[in-house]
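Notes to accompany the following structure.
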Amino acid sequence: MEKKYVYLFKEGNASMRNLIGGKGANLAEMTNLGIPVPQGFTVTTEACTKYYDDGKVVASSIIDEIENSMKYLEEITGKEFGSTTNPLLVSVRSGARVSMPGMMDTILNLGLNDEAVVALAEQTNNPRFAYDSYRRFIQMFSDVVMGVEKRLFEDEIDKAKEAKGVEVDTDLTADDLKELVKNFKEVYKKEKGEDFPQDPKKQLIESITAVFRSWDNPRAHVYRRLNDIPSEWGTAVNVQQMVFGNKGETSGTGVVFSRNPANGENEIYGEYLMNAQGEDVVAGIRTPLPIAQLEEQNPVIYKEFIDIVNTLEKHYRDMQDMEITIEEGKLYFLQTRNGKRTAQAALKIAVDLVEDGTLTKEEAILKVEPKQLDTLLHPAFYDEDLKRATPVAKGLPASPGAACGKIAFTAEEAKERAQNGENVVLVRLETSPEDIEGMIAAQGILTVRGGMTSHAAVVARGMGTCCVAGCGALKVNEEKKTLEVNGKVYNAEDYISIDGTSGNVYAEKIKTVTPEITGHFKTFMEWVDEIRKLKVRTNADTPRDAKQAVEFGAEGIGLCRTEHMFFAEDRILAVREMILAKTLEDRKKALDKILPMQRADFIAIYEALKGMPATIRLLDPPLHEFLPHTLEDMKNLAKELDVSVDDIKSEVDSKHEFNPMMGHRGCRLAVTYPEIAEMQTRAIIEAAIAVTVERGYEVVPEIMIPLIGDVKELKFVKDVVVKTAEEVMEEKGTKVDYKVGTMIEIPRAALTADSIAKEAEFFSFGTNDLTQMTFGFSRDDAAKFLNSYYDSKIYEQDPFAKLDQNGVGQLVEMAASKGRETRKDIKLGICGEHGGDPSSVEFCHNIGLDYVSCSPFRVPLARLAAAQAQVKNKR
Ligand code: ADP
Ligand code: MG
Ligand code: MG
């Protein structure tokens, strides 16, 4: 049988989301559940992929399937597509596997033309409705399919309203709209040099093609990269009979959640507008009403509505986000999906659903996105400062958290200023999908118009960015770049602070702080820890970071970089003295000055860890990094050390490397200057003895030798470490256990991991360097060309953020198994940035590593990702 590219709603179900997209699968599922859904069909994601494979054409066999399905729709509706007496109108809706709010396009009222609109007006006895529908269709089709700027049509509407002296669209009469249609068509003709297409079949195929095309638009690209969505998934297209919320005051449209998406409360939550269509609710053109009001307006419909909402939530066993339309008193469901929610809400809903027996703990932990937890650890306002501050305005608490920054009036500006290290809050009348990059870059988002389901609110909640929406008291002048509130004017240099939990807006700088893990969050994380097998450590170089990480649940330090200690103000001079020393004796003298400070560093770190393990890496960066770079600094150093500036200069020059990333660093330093490794080992062991004796913690230091490529290198440095450690223990008359291991970050080390494991008691995969060395490009330079790689779809992801499982991952997996062959109980961990990336954590779980290590703020995320990996793939 030939492959099928089109499915009627009644032929699909919820499990077919990969093929017919999330929207299509749920429309099919609702149809099967007997919920009132306008009928239609779905063109599959495979048809989209085929469209691209075929060189951006829709195959004629697919067009045939579409036409057959339209015939079916005509039969069940008793209407005719393209008829001039009883026209069938449809919507064309995008719908990928996962929802990508606002990223792709939808066209409503398709099938209208100059004749059909007359028929529709007569048939419904409602010319206002007919012409409103037609002008919307022209607008959407022109924008989405033909690329005519939306603004041109908005301008026409504004002109019409101005001419009539009215405020809102609904005040325009049938005649006004008829006139508007005429003007719209003129705009179209002027822009495209041809008449607005009158053939419904052509309208339909062009629209379907446009949805396929929208899969490839720039904002969809950005969204996909942010959310790890591969481009080969493609989007499905749903074609669905129109129902009309714009037929007058007994019609309307709404967006509803079965629970509160901001805080997770178990209450139906949503907004609606009467005499409106489609996106009117979210577009922020008119301010919608809370859904509870529908109960007063129409109790019968409200009851039917509540029953269906409950049915859907029970059926999907998760909070639902739904679209409804009421056409002359009849209720329809247009969409349902598992609702996007804030991290707070996600945790509350997960815990509630376990407590009421709907979900098991294992199922519940899959309901929270690891990346989302991030937002819970991010700033809240510092209480004392907040008490002193007075809000200047209040908007809707659209996405929780606190943000403070200078005002950015456009998305581009926000992006640019954020790149230059500035904290900005994006302030807009309302946001649109084109603003996505600026929204990502901003600390927070503040809009003047729009409700809780406006674009700004939905996208901000998805990203976990703080957002206050619909703050009508603000007057924003986007051109002049000013913000006026209560008669005072602010500009781009002024600070603004917004509280996405209360909706308060402050025209001042307010300090932000990190919150603790309590309440639902704590309960949830306890389940996470019960379930996961993979341990989570942290990358921390200071006691402060270590403490923070322990509060976030870290089980030790996976990477303590000692160079950061070398930069500390109280010792950088001694470090420089050590580097510039001409004799071994001088160098040792300088190292002796550093020793007590290093020892104190390690004691503080061990204390912060309360006996949990710490892997400490011996000095890694090339020495020139510690030397002064400007003439000014060189002069100062010369004075301090009582040598000539020329002396310093020539030393700096002689340490210069062309490719320091592959230069004199890592274990190579210890091979040339073993006395540095001696000093560090001494500090580590002395510190361990001190805390063991004085605090009673049983510390087992893990001394890690970086940048090994050959077992002999490791052996050489290890001998220095062991000899020193034994000496120290002899001197102190106390023994401590300690381990010596290495980083696997050079491909050769991965290749020879079996022999390296003879000397190494543990491996820690340094996947940052391993990625650089495997790809052959440096992390710092890659930023310059990776964007072109994304654009050309050579890479979809930054390999430094998400482990390249096919290449680098293969080296990791191979080294892990070679290591285990030689030494059965070898301890295996990862300490690159990837330790905090959910999909990379899953990979580490799957290949049986003992732990991942990541920055303190990512520890909760890694714990959750590890537990999810265990649920998906038990080990
Ligand atoms: P998005 O994915 O951006 O939400 P949708 O495809 O859901 O886009 O459609 C946008 C709006 O149009 C929604 O409010 C939806 O309910 C409405 N809509 C789509 N198809 C129909 C239809 N056949 N009848 C009435 N309203 C529709
Ligand atoms: Mg929708
Ligand atoms: Mg390294």
Side-chain angles (χ1 to χ4, degrees), residues 9 20-27 30-31 35-43 70 73 76-77 79 81 87-112 129 132-133 136-137 139-141 143-144 204 207-208 210-211 214-215 217 219-220 223 235-247 251-257 270-273 275-285 288 320-328 330-340 432-433 436 451 453-455 457-459 462:
F9 289 169
I20 57 179
K23 197 180 283 172
N26 290 332
L27 284 168
M30 285 198 287
T31 300
I35 288 166
V37 173
Q39 283 305 290
F41 56 87
T42 308
V43 187
M70 284 304 285
L73 264 195
I76 62 166
T77 59
K79 292 173 185 292
F81 192 51
L88 169 65
L89 304 186
V90 294
S91 63
V92 172
R93 318 173 66 186
S94 60
R97 277 195 211 181
V98 293
S99 98
M100 298 169 56
M103 287 303 122
M104 288 181 301
D105 300 310
T106 284
I107 296 147
L108 304 181
N109 311 331
L110 187 143
L112 281 175
F129 152 71
D132 183 49
S133 302
R136 286 171 188 268
F137 171 58
Q139 205 172 342
M140 282 183 266
F141 186 89
D143 166 31
V144 174
L204 179 65
S207 298
I208 292 173
V211 173
S214 72
W215 178 250
N217 73 30
R219 62 176 197 250
Y223 187 89
T235 181
V237 187
N238 302 287
V239 177
Q240 185 175 26
Q241 187 196 357
M242 282 304 302
V243 289
F244 298 99
N246 57 337
K247 266 192 179 171
S251 304
T253 176
V255 178
V256 211
F257 294 85
E271 294 168 329
Y272 75 108
L273 269 178
N275 199 8
Q277 187 173 50
E279 309 277 61
D280 290 1
V281 174
V282 293
I285 297 166
Q320 295 300 294
D321 166 0
M322 296 149 291
E323 290 170 2
I324 57 166
T325 285
I326 302 166
E327 178 177 331
E328 297 185 314
K330 168 128 184 54
L331 175 68
Y332 295 93
F333 275 66
L334 272 304
Q335 189 170 338
T336 192
R337 62 180 169 216
N338 293 344
K340 292 218 188 289
S432 67
I436 182 82
T453 50
S454 64
H455 178 264
V458 173
V459 174

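Residue numbers run from 1 in the order of the sequence given. Order of listing sets the numbers, starting from 1, for every ligand and every atom in it.
Each of the following atoms of ligand 1 lies closer than 4.0 Å to a heavy atom of Leu108: 12 (O), 18 (N), 19 (C), 20 (N), 21 (C), 27 (C).
Under the 4.5 Å side-chain criterion, counting only non-hydrogen atoms from C-beta, Glu323 is not in contact with Lys23. Looking only at side-chain heavy atoms (C-beta outward), Met140 and Leu108 come within less than 4.5 Å of each other. At a threshold of 4.5 Å between non-hydrogen side-chain atoms, the residues Phe137 and Ile107 count as touching. Between Val239 and Met70, the closest side-chain pair of non-hydrogen atoms falls below 4.5 Å. The shortest side-chain heavy-atom distance between Phe244 and Asn109 falls under the 4.5 Å cut-off. Between Asn246 and Ser133 the shortest side-chain heavy-atom distance falls below 4.5 Å.
Atom 5 (P) of ligand 1 has its closest protein heavy atom at Lys23 NZ, 3.2 Å. Atom 20 (N) of ligand 1 has its closest protein heavy atom at Ser91 OG, 2.8 Å. Among all protein heavy atoms, the one lying closest to atom 3 (O) of ligand 1 is Glu279 OE2, 3.9 Å. Of the protein's non-hydrogen atoms, Thr106 OG1, 3.2 Å is the one closest to atom 8 (O) of ligand 1. Counting protein heavy atoms only, atom 17 (C) of ligand 1 is closest to Gly278 CA, 3.8 Å.
Residue Gln241 places at least one N or O, backbone or side chain, under 3.5 Å from an N or O of ligand 1. At least one N/O-N/O distance between Val243 and ligand 1 falls below 3.5 Å. Where the criterion is an N or O separation shorter than 3.5 Å, residue side chain and backbone included, Ser94 fails it with respect to ligand 1.
If you take CD on Glu271 and OG on Ser454, they are separated by 8.0 Å, rounding to the nearest 0.5 Å.
One side chain, Thr31 or Gln39, offers a donor N or O that lies under 3.5 Å from an acceptor on the other.
Evaluated by nearest non-hydrogen atom to atom 19 (C) of ligand 1, the leading choice among Gln277, Glu323, Arg93 is Arg93.
Angle subtended at the Mg ion (ligand 2) by Glu323 OE2 and Gln335 OE1: 90°, rounded to 10 degrees.
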